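Quick caveat: nothing in here was measured; it's all calculated off a predicted structure. Values reported hereafter were calculated over all heavy atoms of this structure, with side chains retained and with hydrogens, waters and symmetry mates removed.
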Amino acid sequence: MIYAIGIYAIAMTLANLSIAQWGPWVSPINAFLFIGLDLALRDSLHIRLKAWQMGGLIAATGLLTYVLNPAAGMIAIGSAVSFTAAAVVDWGVFIKASGTWFARSTKSNIAGAAVDSLIFPTLAFGVLMPHIVALQFAAKVAGGAIWALLIQRTLRSTI
């Protein structure tokens with residue numbers, strides 16, 4: 001579990017710092033690689049962590065982003081708010097969904113991706129960018145599915 005928490009924190013921090021460095025155009029790439037990982041990894045952490053621990057982890061990655069690059073202030077804030085909102089939606093769908101861990105993860109990832117894709121760029125950049133929202137959503141769902149498959153294979157005995 002410690003490895004999963006470390007990977008989660010590193011992935012979120014790298015996603016935030018790369019957005020701060022290169023701007024909105026890199027967000028669909030981040031969405032596929034890092035946020036897809038976040039969505040799927042979060043589902044494996046949901047069954048291992050308490051809600052307050054997950055909230056602390058989300059807040060810590062936003063704070064770490066800010067500490068490493070204070071110029072990323074709004075990105076860190078947008079990230080923490082969108083990850084928190086997406087985590088709440090993701091968790092709500094995950095615990096109510098039926099089926100295998102992968103099926104539950106996929107359903108909750110779609111819901112979490114929708115919330116995160118709308119909130120993050122709007123807060124981080126101060127404007128609604130429908131094309132970025134749509135690209136991020138598609139990339140997060142695709143990335144989340146691939147990462148969920150990899151996580152399921154890796155953690156088969158525990159999920």
Side-chain angles (χ1 to χ4, degrees), residues 1-22 26-65 67-69 72 75-76 78-121 124 133-159:
M1 180 173 63
I2 280 293
Y3 295 117
I5 291 170
I7 291 168
Y8 177 90
I10 290 167
M12 294 308 87
T13 303
L14 289 175
N16 292 340
L17 291 175
S18 65
I19 293 275
Q21 180 67 34
W22 293 296
V26 79
S27 64
I29 297 166
N30 274 350
F32 182 80
L33 293 175
F34 297 123
I35 310 308
L37 173 61
D38 162 66
L39 291 167
L41 194 55
R42 185 184 305 154
D43 290 332
S44 74
L45 290 172
H46 278 315
I47 59 178
R48 292 172 175 78
L49 296 176
K50 293 179 172 83
W52 68 268
Q53 291 170 315
M54 197 67 205
L57 183 57
I58 291 165
T61 58
L63 180 61
L64 183 58
T65 297
V67 167
L68 293 174
N69 184 0
I75 290 170
S79 174
V81 169
S82 67
F83 286 156
T84 302
V88 169
V89 170
D90 182 287
W91 177 244
V93 172
F94 186 82
I95 62 171
K96 291 184 190 289
S98 60
T100 64
W101 177 87
F102 180 77
R104 294 169 64 203
S105 180
T106 300
K107 292 170 189 173
S108 67
N109 288 351
I110 291 169
V115 170
D116 188 64
S117 296
L118 182 61
I119 294 174
F120 173 72
V133 171
L135 286 171
Q136 278 196 4
F137 176 73
K140 287 171 188 172
V141 170
I146 291 169
W147 282 112
L149 279 172
L150 292 172
I151 289 169
Q152 181 178 337
R153 287 186 180 151
T154 303
L155 302 175
R156 188 169 303 195
S157 64
T158 61
I159 57 174

Q) Between CZ of Phe34 and CD1 of Ile7, what distance do you get to the nearest 0.5 Å? A)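 It is 12.0 Å, given to the nearest 0.5 Å.
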
Q. How far does CZ of Arg42 sit from CG of Leu37, to the nearest 0.5 angstrom?
A.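 Here the rounded value is 10.5 Å.
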
Check whether any side-chain heavy atom of [X] lies under 4.5 Å from a side-chain heavy atom of [Y], and answer yes or no.
X	Y	result
Leu39	Trp147	no
Asp38	Ile35	yes
Ser108	Asp43	yes
Ser27	Leu135	no
Leu118	Phe137	no
Phe120	Ile19	yes
Trp91	Ile95	yes
Ser98	Arg104	no

Q) Minimum heavy-atom separation for Ser18 to Val26, with atom names? A)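 It is O-CG1, 3.7 Å.
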
**Q.** Closest approach of Ala40 to Gly144 (non-hydrogen atoms, all atoms of both residues)
**A.**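 That would be CB-O, 3.8 Å.
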
(Q) So that I can tick it off, tell me whether Lys140 and Asp116 are bridged by a salt bridge, with the cut-off set at under 4.0 angstrom between side-chain N and carboxylate O. (A)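 Result for this pair is yes, salt bridge flagged.
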
Q: Show your reasoning for whether side-chain contact (heavy atoms from CB on, under 4.5 Å) applies to Ile151 and Trp101.
A: CA-CA 10 Å; Ile151 289 169; Trp101 177 87; 3.9 Å; yes

Could you check whether any side-chain N or O of [X] sits under 3.5 Å from a backbone N or O of [Y], counting only pairs where one atom can act as donor and the other as acceptor?
X	Y	answer
Asn109	Ser105	yes
Gln136	Val133	no
Asp90	Gly112	no

Q) Between Thr106 and Phe102, is a side-chain contact (heavy atoms from CB on, under 4.5 Å) present by the stated rule, with each step listed? A) CA-CA 6 Å; Thr106 300; Phe102 180 77; 3.6 Å; yes

